[in-house]
Amino acid sequence: MNWIILIIAGLFEVAFASCLGKVKETTGTPMYVWFTGFLITMTISMVLLIKATQTLPIGTAYAVWTGIGAVGTALMGIFFFKDPVSFWRIFFIVTLIGSVIGLKAVSH
């Protein structure tokens, strides 16, 4: 169950990073709405991470959480924020996914 909580925490990390990207793109009231979304999703992500680390090793949980966040945020940047796409960028995203799967596979 804590692995599922950790994955959800990682998805909320992607959400808070995406909200932060929208804060950068907007002004006025929409900026404050996105900033509020950032604060809410960041809080949820941290609470879920704390919950997951109560039974999972902290090093593995943190690495998986940041890995989900890094991959998800990189993909959000490519698909929604017009970040550049290159062979090496995709190569390292795939490498990061493999590393996260490997950490999960060797964790007890």
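Residue indices begin at 1 and follow the sequence shown. Remember, predicted model here, so these are calculated numbers, not experimental data.
Summarising the local packing, OH of Tyr32 is surrounded by 12 or fewer heavy atoms from other residues, nucleotides or ligands at distances under 6.0 Å.
To the nearest 0.5 Å, atoms CD1 (Ile50) and CD1 (Ile5) are separated by 12.5 Å. With rounding to the nearest 0.5 angstrom, the CG atom of Leu6 is 9.0 Å from the OG atom of Ser45. Atoms CG and CZ, from Leu96 and Phe91 in turn, are 11.5 Å apart once rounded to the nearest 0.5 Å. In this structure, NZ in Lys51 is found 5.5 Å from CG in Asn2, a value given to the nearest 0.5 Å.
Qualifying side-chain hydrogen bond (donor to acceptor under 3.5 Å, both in side chains) partners for Thr53, counting only residues two or more places apart in sequence or in other chains: none. Residues meeting the ring pair (Phe, Tyr, Trp, His ring centres under 6.0 Å) test with Phe16, sequence neighbours left out: Phe38.
The ring-ring contact (aromatic ring centres under 6.0 Å, His included) pairs that include a residue from residues 47-66 are Tyr62-Trp65, where partners are two or more places apart or lie in different chains.
Taking both residues in full, the closest heavy atoms of Pro84 and Ile78 are given as O-CG1, 4.2 Å, listed atom of the first, atom of the second, then distance.
Contact of the Asp83 side chain with the Arg89 side chain is registered, since non-hydrogen atoms from C-beta on lie closer than 4.5 Å. Residues Val14 and Met76 meet the side-chain proximity criterion, which asks for heavy atoms closer than 4.5 Å.
In this structure, Ile97 is a member of the same hydrophobic cluster as Val85, with clusters built from ILVMFWY side-chain heavy atoms closer than 4.5 Å.
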